[in-house]
Every structure is written in structure tokens, then in C-alpha cells.
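Structure record follows, encoded as C-alpha cells.
Note on naming: letters A, B, ... go to the chains in the order of the sequence lines (proteins, then strands), and numbering restarts at 1 for each one. Quick caveat, the model's predicted, so the values are computed rather than measured.
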There are 2 protein chains.
Amino acid sequence: MEPEHVTLRDVAREAGVSYATASRALNGSDRTVRKENADRVRAAADRLGYAPDLSAQAIARGSSSTVALVVNDIDDPYFSSIAAGVTEAAQEAGLIVTMAIADRSPGLELQIVRTLRGHRPRAVIIAGTRTTGSDTHTALTDELSAYQESGGRVALISQPELPFTTLSIDNYGGARRLATALAGAGYRRFAIVHAGDDIRTSADRRQGFTDGLHAAGLALDAADQIVTDFTRAGGFQAAATIASRRPEAVFAVNDVMAIGLMSGLRDAGLTPGADIAVAGFDDIAAAVDVLPPLTTVRVPLHDLGRQALELALSGSAPTHVDIPVELVLRESTPKT
Amino acid sequence: MEPEHVTLRDVAREAGVSYATASRALNGSDRTVRKENADRVRAAADRLGYAPDLSAQAIARGSSSTVALVVNDIDDPYFSSIAAGVTEAAQEAGLIVTMAIADRSPGLELQIVRTLRGHRPRAVIIAGTRTTGSDTHTALTDELSAYQESGGRVALISQPELPFTTLSIDNYGGARRLATALAGAGYRRFAIVHAGDDIRTSADRRQGFTDGLHAAGLALDAADQIVTDFTRAGGFQAAATIASRRPEAVFAVNDVMAIGLMSGLRDAGLTPGADIAVAGFDDIAAAVDVLPPLTTVRVPLHDLGRQALELALSGSAPTHVDIPVELVLRESTPKT
DNA sequence: GGGGGCAGGGAATACGTTTTCCGGTAACTG
DNA sequence: CAGTTACCGGAAAACGTATTCCCTGCCCCC
């Protein structure tokens, strides 16, 4: 009924050799095995449908063949692009990805890292929304340090305040250049839709944008800085306030918020791109399919995921890599 | 320098008990251990930063705490929504998800399933694009059968021709009802943008749609059935042909294709919803953010992922579950 | 006070691999 | 032809945990 797992022993018996020989024949060992025996073993393995137990391999070899990935929300294109890059690179390296979703909760993130550590992954990649100053902050640092000291690799995405290898998106610079460009295009009265400053990414982008405006001699009223959720729904909700303030241009600190905002504005009777300019950040795939196409700042998310894994696997000392971004002007911010 | 992993033995020594006792104290065992000892063990574990080696646990217990998930492209909202549902349910069950990306290649999918089997996951969920009649088809069936017979659970999404637990989206019925609705709205000349019939999902939706048209007394010229890739790019490319044929309404067999098509049409000087109606299938999040909002057929992707995992874990005999879909008429197909 | 039960601790074994060590055979070298 | 390699097979240890089995000591009951 339940044919217990076919094990290396079974293969060896079937092939008429010791299981040491079988082991050597089936995976790359430095020891060579006579061709005839090797063939017999492989044939037996095929016949029996043998698949090596990766847990047993991991424990015997002392290192597993997995990498751990923590994201906030796999259904958000920002994270799914990163995940795609990480997974792609992992598969090329013959590694398997274990993925966990932190649901934007630092507590959950910490708990996840704890659990994942039990897998003894070769590397752990965290693409979270680091919130500054929380108490779980140091707990996470401790956990990752312990992991790193026992030989694990860590790479973080956009959390430069932690003492690990980090890939930093140029959030500040990108937002600042965006502000400069919009001011140059003739816009004068702005609003910004952002999340709480405890979310680093949001805070940096907001700061970059306002600094860019200042440099152009423009200021931003507090009432025109609308704080909401870091999601599409957040952007959508902000539309009501924006509609009542009627700025000439709005910067939403990421594309999903910007897209939600555009839908919300339309519901309020305003046409994005005509009545009001809208810009976002990230250049997710959907940015080019909304109408009007969204002005944004391109972040090479897919590559970012790739690089994060490659950097982690390379095993270099903790380092910081700056990921350049690129301004992408589209019709949502027409020249005035 | 490299403090080797702290193991159960270390914890036991630190706590002054045998490691059998430590093992019993740290995870739920049927055996009870004196409270004083249990506390000492837990304290020691905390102090040393002990995390149980899940591989070792898996091999000792004979069952791991992971589930395997295979998707075609995590960066596609269809799959990322499913993945979100699967992962959510897995985390609630205390399980960890290992994810692999098959990149729409049956061969790769097979290879992945082989590798994943080595993890001895509690369940494997496959959300692929089953292509009918390929030679890897039976190889995959064999592989999954072997896995299932050794105690594993399998759940597939929309691949009803395989002898495993399957969640079938009502692709045919949804597309057929869509056709009926569009015909009822007054459209007469149609086109379909679809993928090759080797992709079951595409074939079923195409068939449902044309059958629906037939029932309404309408027919579809072969030249109005455009075959292209099952992706946004595929839809985009199809726009040129559509623009030259100028049907009144186009059905793209999924939303990402429909959205690509809309962008392509616009580039060709046609306004979707005004010059030409467009409908898709899936109701991905972006469907409501494009302009005009996309008429589509809603598939509860997130729930689908959840159910797939729950069904697999429940361990019932292989069964087929029908996932109902819902027509969602939006402005991309205005009443004529 | 003696016997039976039971709670709980520890030694040892099992899990499925890899890898070290040992031994034997065949092929070279001088 | 003897001695040294090179090659290769097998026995056994190791990895970190769960679990079985045994043993001790205590409590309870008659």
C-alpha cells in the first residue's frame, strides 16, 4: 500500500553494490566509480524511481541546498519581481528557494527568520519594509548576526541601517530628480502621497522629493503631504483629499499607490494627466498599461533580486551596493 | 570565528541534562519532563540561540514541514495571487513553502518536481500550464504517482486530465457566458486572441467562447482567431492583426494578454472601449486600473491557492473540485 | 511495610546520506 | 619480477534529531 521511500540502500541492493558505491555513483563525488558499476547503479535508481533525500544530504554534507526569501507581500508586483529575480538566480545555482511572507509585520518577519534559520539555508534574502526604531529591530539584527556567524549569508534590500550586505535603492536621489524634472516641466503646486515615516523607503522618497522641490524654490504645505497605507488601497483613499486640495501634480511614493490614486481621482471626476499630473516610483510592469502611462522612477527590481542572491552567495564581507534608478517621464505628467 | 552550529547537545550540556531530555523539552513530545528541567533547557536554548535543525528533524521524524509550490512565472499576477493564497494557508498550518518557477517549460517542470521530491514535502501544489499530449506528460504523472504512493499529497490547478486532486477553474463555462453576454450587448463581429491549443486553459476558454457565439447564432472566421504567446507581450503583438481586421469586440483569453492588447491597440490609434471592445479572463488586480476598466471573468485566485493547499493537506482521496467563476462587465465592453 | 504503579531521566538506536579509512586488485616502474 | 602506485569497493563513522527501551526512585494503597 505504502511503499516506503526508496532509499539509497534499496538502489544499492538492486544494483548489487554497497551503498557507499551507490552514493558515489549518483552524485558528483571526487571518488571515481567503475563505469560498469556506475551504469548499473543509475539503471537501478531509474527503475526504482529513486530521489535522494535532500534533508539527509543536507545533514550529512553540513550544508543545505536552499536559500530563504522573505517578502512582505508576494501579490505586490514590487515584491514579485524581486522574488522572480531571486528565484531565477537560485535555480541557476542549483538551489531551491523557500519563501515566506511577512505581511508587512516586523514581528512576523522576526519569527519567520527564526524558523527559516532551522533550514540552514545557504543564504537568506530579506525584502521587507524595514521600520525604523522598532524593538524587533535589534532582535532581528541579533538573529541574523547569529546566523551569519555560523556561516550563513545575508542580503537585505533597502535596509541600509542594518550591519549586513545591503542593496540600497537610490530612493532619495530618484525622488529628488523626479521633483526637479516636474518643477522644470512647469508644475508649481504639488502634493505627495506617502506612508508613515517609520517605513524607510517611504520616508526617503518623500524627503528626496521635498528636497528637490526646495532646490527649485518650491515648498510643500503640510496639508499637501497625505499619509496613508503603502498599498493600492492607500493611494485610492488619498484621492478624496487630493481632489479637495487640487494640486497641479501629485507624487505617490510608489507605483501601486499612484495607480490606486489615479483610479480614485477618476472616481472623483478628475482626469489624471489632464486635470492633475501623477507620478509614482518603481516602474512596475503595470505602469505602462494604465492611462495615461505613468511617469515614474525605474527600479531594476528583477535584477535587484538576482544581484541580492549573487552577492549573498559570493560570500564577500558585508557590503553596501547602490542600485541606480532612472527617471521615466510618461504622459501622466505632460509638459504644461 | 565560526562557532559551529549550536546543537541540541550543546543545549543539553549547558542545561545539565541529557539531550534526550532537551529534545523532549523543546518540542512537543508525548513524554513529559519535569518543569524545573524544562525551564532550564529553554533558558539554555535561549541563551545559546539554539534553532533546531529542520533537516535533522525531518529525517528523524520521517516527515518534513514543507510544502512545495511550482508556478510558471511568479511575476505574473495570476500566479502570484495563487502563490499568496498557498503561502498564507501554509504559514497558518506551520509549514514552509519551497517555491520553484517552471518558466512555462514542461521539461523544466518535470525536473523541478523531481528535485522537489527530494525534500519529502508534505504536499506539492502545481500551478502550471499543462500542455496536453507532451511526452513529459506521462513522465510527470509517473513522478507524481510515485510521490503520492509514498505518502505525499498532490494538488493541481486546472489540469483535470491528470489522476490527482485537481482544482478546475470553469474556463469553458466562464468564457461561454462571456460570449453570451457580449452577443446580448449587441456585438456581432468578434476576434479571439489566444495561445496554442496545447495550453489547456487557453484551449478551453477559446472553445467556451466560440461555443457561446455559436449558440447566439454567430460564427468566427479563422482569420479572427489569432494565436500568440500566453503573455502580455503576446497580447501586445496581436494588436496589429486586430487593428487590420477591425472586429467590434475582442476576447483575449487572459487579462494580461487583454491588457497588452489594449496598449497595442492604442499604439495603433484605436481606443479600447470606444473603437473596439476588449474582454479578458481572470480578473487580476490590474483589470480595474486600466482604462477603460476591463470586462473579464473573475477567478478567485487567492482562494484557489488556499483551497489547493488545504485540500492537499486534508489527505482525502484524489478528487476534482470545480472553482466557479463570475462574469464582471466593465466599461471596456460598453453596451452598443 | 511491602508491592504495584508511574513519572521522568538517560543510553542507545534509527533516520538516509556523505565521507573517511582500510583493504584488495590490477597496472605501471625499475 | 618485486615494489610502488593508481584505482576502486566496502565497512563504518558521522551529521543532528526523535524515539524506544531500560532503569531509578517516588508515591500510593492495601
### Task
Identify, residue by residue, the members of residues 33-45 of chain A with a heavy atom below 4.0 Å from DNA chain D, and return them in order of residue number, or none.
A:Val33, A:Arg34, A:Asn37
### Query
Taking atom C1' of C:dG16 as reference, at what distance in whole Å does atom CG of A:Leu26 sit?
13 Å
### Distance, rounded to the nearest Å, where B:Leu54 contributes CG and C:dC15 contributes C1'
16 Å
### Query
Counting distance only, does the side-chain N/O of B:Thr319 pair as donor-acceptor with the main-chain N or O of B:Ala317 below 3.5 Å?
no
### Task
Measure the distance from CG on A:Asp10 to P on C:dT17 and round it to the nearest whole Å.
9 Å
### Summary
Minimal heavy-atom distance between B:Ala155 and B:Leu167, with the atoms involved, is CB-CD1, 4.5 Å
### Task
Could you tell me whether the side chains of A:Ser18 and A:Thr21 share a donor-acceptor contact shorter than 3.5 Å?
yes
### Task
State, to 0.1 Å, how close A:Leu144 and A:Phe164 come at their nearest heavy-atom pair, and which atoms those are.
CB-CZ, 3.3 Å
### Task
To the nearest Å, give me how far apart CG (A:Asp53) and P (D:dG16) are.
16 Å
### Message
What is the distance, to the nearest angstrom, from the CG atom on B:Asn27 to the C1' atom on D:dT17?
### Response
9 Å
### Atom of B:Ala22, atom of B:Ala12 and distance for their closest heavy-atom approach
CB-CB, 4.0 Å
### Query
So, is A:Thr7 near the phosphate of C:dT17, with a side-chain N or O under 4.0 Å from OP1 or OP2?
yes
### Contact under 4.0 Å: B:Ser23 side-chain N or O vs D:dA18 OP1/OP2
yes
### Task
Could you check how far CZ of B:Arg120 sits from C1' of C:dC15, rounded to whole Å?
11 Å
### Check against side chain to side chain donor-acceptor pair (under 3.5 Å), B:Ser81 and A:Asp75
CA-CA 5 Å; B:Ser81 286; A:Asp75 209 0; 3.0 Å; yes
Taking only nitrogen or oxygen atoms into account, show me every contact under 3.5 Å that the protein makes with nucleotides 21-25 of chain C, one pair per line with its distance.
from, atom 1, to, atom 2, distance (Å)
C:dC21, N4, A:Arg31, NH1, 3.2

### Summary
B:Arg9 atom CZ is separated from D:dA18 atom P, nearest whole Å, by 13 Å
### Summary
Sorted by position of nearest nucleotide on DNA chain C, 5' first, the leading residue of B:Thr21 and A:Leu8 is B:Thr21
### Summary
Numerically ordered, the residues 57-67 of chain A set in heavy-atom contact under 4.0 Å with DNA chain D is A:Ile59, A:Ala60
### Query
For A:Val67, does its backbone N or O pair with a side-chain atom of A:Arg122 as donor and acceptor, under 3.5 Å?
no
### Message
Do B:Arg117 and B:Tyr147 form a cation-pi contact, if we require the NZ or CZ to be under 6.0 Å from the six-membered ring centre and within 45 degrees of the ring's axis?
### Response
no
### Query
Has the side chain of A:Arg40 got a donor or acceptor atom that lies under 3.5 Å from a matching backbone atom of A:Ala15?
yes
### Task
Using only heavy-atom distances, determine whether the side chains of B:Ser64 and B:Thr66 contain a donor-acceptor pair under 3.5 Å.
yes
### Query
For atom CZ of B:Arg9, is the number of surrounding heavy atoms from other residues, nucleotides or ligands below 6.0 Å larger than 12?
no
### Task
Give the nucleotide from the list D:dA11, C:dT17, D:dT17 with an atom nearest to the side chain of A:Tyr19.
C:dT17
